Amino acid sequence: MIPHRINKSAVQISAEVISNKKFGPYHHMVFAVGEMAANSRPGNFVAIAIGDSQSAHILRRAFAVYRAIDKGPMGGSIELVIAPHGQGSTWLCSRTVGEFVDLIGPLGTAFGVPSSNANAMLIGGGYGSAPLFALAELLKNRGCRVDMVLGASTAAKIFAPLEGKRSVSSLTLTTDDGSAGIHGQISEAIPRLIREYKTEVIYSCGPMGMLSAIAKIAEDFDIAHQCSVEESMACGIGVCMTCVVPIKYESGIKMVRTCIDGPVMDAAEIIWDKKTVTDLLHS
Amino acid sequence: MTTLDYSTKIGSKRFSNPIFTASGCASSGQELSQFFPLTDLGAIVTKSIMTKPRTGRNTPRMAETPSGMLNSIGLQGPGIDAFLENDIPWLVDQKVKVIVSIAGETVEEYGVLSRRLRAVSGISAVEVNISCPNVENRGQVFACHPDTSVAVIEAVRRNIGGELPIVAKLSPDVTDIVEIAKSVVNAGVDGLALINTLLGMVIDVNTMKPKLAGKTGGLSGPAIRPVAVRAIYQVHQAFPNIPIVGMGGVSTGRDALELILAGASAVSIGTASFGNPNAAMLVKNQLSDLLIERGFKDFRDAIGFAHRGV
């Protein structure tokens with residue numbers, strides 16, 4: 001791991017909601033964040049306070065940045081794709097244009113970009129696809145081939161906006177129920193696609209189960225795999241030690257913070273097997 | 001302009017203001033330094049350090065609760081060697097006052113840690129955490145019994161030497177916290193830290209199993225503030241001359257004032273920093289305004305004010 005100053009670009013601001021649109025089961029929200037946008041890289045996240053100062057929800061919610069626009073009509077802005085499934089995200093999705101939220105960002109690690117042209121496969125599960133579109137654009141501008149694979153339980157839950165598709169060489173959809181694209185779990189389709197597109201590096205974002213399955217495939221094919229992980233987070237800035245994932249360390253195990261050493265991590269470093277983790281913790 | 005003497009004392013050590021971080025809520029200090037100058041704190045209280053590196057517990061380690069949260073970290077940390085090599089020099093370099101929190105599985109471990117600390121310059125006090133609820137065996141929570149509490153404090157005193165103030169961190173999960181306080185005061189502590197988290201549990205009604213991997217966790221946040229106020233009030237009443245570092249759900253200046261009126265000589269900001277990295281500075285500024293509004297010229301006149309004339 002490269003030593004870096006922790007939270008070096010992070011600022012806490014009051015950010016105005018400048019757009020909030022429903023996009024299928026998700027909300028696409030845009031926040032005016034000024035200069036923060038210029039420091040945001042694909043893979044970074046922001047942490048937003050829920051409710052007012054008297055809120056019973058005392059912890060922030062973390063959201064991967066979908067897009068950061070440095071100099072838009074409203075100055076710098078950050079865009080998020082949010083699924084309103086919990087009380088916090090539901091509160092955030094019900095904010096209207098002109099309201100302000102307490103936002104900290106950009107936080108965490110960003111996706112690493114290959115130094116030479118490479119065939120990249122970007123794999124997103126559900127709204128986990130959100131941070132991959134800005135990455136696709138970045139990779140395409142570097143001359144990489146970008147194959148995107150998006151999966152979800154059902155067609156409506158695939159987040160694939162039109163403008164996001166411009167940067168990809170191919171787009172494959174998978175659904176668990178067969179309502180769109182290939183019928184089955186996203187990981188089942190991956191080995192064939194890796195062979196077909198001669199994939200040299202994988203980037204993934206989505207539920208931990210999906211990331212784990214892709215990590216196994218990447219290991220079998222011996223290709224690099226950077227994944228954006230998801231673990232319950234209390235602070236997002238590295239002080240609470242709750243959002244850890246287990247990584248291989250010397251002969252054993254080490255818990256690292258996904259807010260500081262992640263969310264983008266080298267999948268080969270992570271110990272994905274739960275039983276192995278339990279055994280190592282008790283050895 | 002009205003001026004306020006904001007300084008406070010724990011044992012022989014003076015601090016420029018009474019706002020500290022709470023142990024385990026400021027990590028190494030570097031994380032928060034992006035948001036405010038650490039020297040604006042009265043002191044930074046480090047995570048509780050143990051002799052050996054410790055992996056901590058499995059995840060999930062966290063569950064949000066109404067106006068609070070449960071944590072089950074299990075004292076993850078680098079161990080005393082790496083801590084003294086990396087964390088302490090950085091903090092001392094920042095010229096921030098440092099209170100080192102220590103935790104052990106045995107009485108001997110506390111002794112070893114104290115011996116390691118006695119030669120370290122730039123430390124203002126040692127917090128002896130005898131009340132972490134996230135241990136495998138509840139019987140290991142030293143602060144649950146007067147005799148085990150005393151054994152730890154005596155081991156620390158024997159080994160630490162000099163005049164470094166010793167602050168014992170106590171658990172509210174006891175029948176009579178005054179009895180525990182009495183035992184450690186008699187053993188010679190210079191101050192008390194009140195309160196550690198309360199042991200709690202959340203069950204996920206979808207999986208129908210405990211939400212935390214460690215099953216139980218420490219409850220913190222505004223939900224526990226009345227417990228902290230009560231504990232501080234009771235202990236200050238019994239030992240008005242023992243400085244108390246108060247903590248438990250403080251997120252505003254008003255909350256800090258409440259703990260001070262109950263008897264706290266300093267206030268630590270813990271869980272509030274998770275929701276707002278600038279919480280300690282917010283509390284510090286609001287508290288100063290509230291004290292001035294109430295006519296206090298010296299912060300120390302407000303300590304235990306709720307007891308006067310009662």
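Letters A, B, ... are given to chains in the order of the sequence lines, protein chains preceding strands, and every chain is numbered from 1. Remember, it's a predicted structure, so these values are computed and weren't measured experimentally. Values reported hereafter were calculated over all heavy atoms of this structure, with side chains retained and with hydrogens, waters and symmetry mates removed.
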### Query
For B/Lys52, does the NZ atom sit with more than 12 other heavy atoms under 6.0 Å from it, leaving out its own atoms?
no
Cut-off 4.5 Å, heavy atoms of chain B, and the answer for A/Ile104 is side chain
Answer key: most heavy-atom pairs under 4.5 Å with chain A among B/Pro277, B/Gly221, B/Gly270 is B/Pro277
Cut-off 4.5 Å, heavy atoms of chain B, and the answer for A/Leu281 is side chain
Turns out that what part of B/Thr271 lies under 4.5 Å from chain A's heavy atoms comes down to side chain
Shortest non-hydrogen pair, A/Ser9 vs B/Gln34, comes out as C-NE2, 4.2 Å
Interatomic distance, CD1@A/Ile237 vs CD@B/Glu31, rounded to 0.5 Å, equals 8.0 Å
Counting distance only, does the side-chain N/O of B/Gln76 pair as donor-acceptor with the main-chain N or O of A/Met255 below 3.5 Å? yes
Applying a strict 4.5 Å limit to non-hydrogen atoms, the region of B/Pro53 in contact with chain A is neither
Among A/Arg61, A/Met233, A/Lys274, the residue with the most heavy-atom pairs under 4.5 Å to chain B is A/Arg61
When the 4.5 angstrom heavy-atom criterion is applied to B/Thr55 and chain A, the contacting part is both
One should read off an interatomic distance between B/Ser33 OG and A/Asn7 CG, to the nearest 0.5 angstrom, of 8.0 Å
Note: B/Asn278 and A/Gln12 closest approach over all heavy atoms is ND2-OE1, 2.7 Å
Practice problem: Evaluate whether atom NZ of B/Lys284 has more than 12 neighbouring non-hydrogen atoms of other residues, nucleotides or ligands under 6.0 angstrom away. | Solution: yes
Note: A/Glu231 and B/Pro60 closest approach over all heavy atoms is OE2-CA, 4.3 Å
So OG1 of B/Thr252 and CD of A/Gln54: to nearest 0.5 Å the spacing works out to 8.0 Å
In short, A/Ala234 meets B/Met62 closest at the heavy-atom pair N-CE, 3.7 Å
Residue from A/Ser232, A/Cys240, A/Ala49 scoring the most non-hydrogen pairs under 4.5 Å with chain B is A/Cys240
So CG of A/Asp102 and CG of B/Asn276: to nearest 0.5 Å the spacing works out to 6.0 Å
| said: Is it the case that atom OH in A/Tyr249 sees more than 12 heavy atoms from other parts of the structure closer than 6.0 Å? | reply: no
Beyond-backbone contact of B/Thr59 with A/Val245, side-chain heavy atoms, under 4.5 angstrom
no
| said: Quick one: does any side-chain atom of B/Glu64 pair with a main-chain N or O of A/Ile58 as donor and acceptor, under 3.5 Å? | reply: yes
Among residues 79-90 of chain A, residues within the sub-4.5 Å heavy-atom range of chain B, in order of number, are none
Rounded to the nearest 0.5 angstrom, the OG1-CG distance for A/Thr242 and B/Leu70 is 11.5 Å
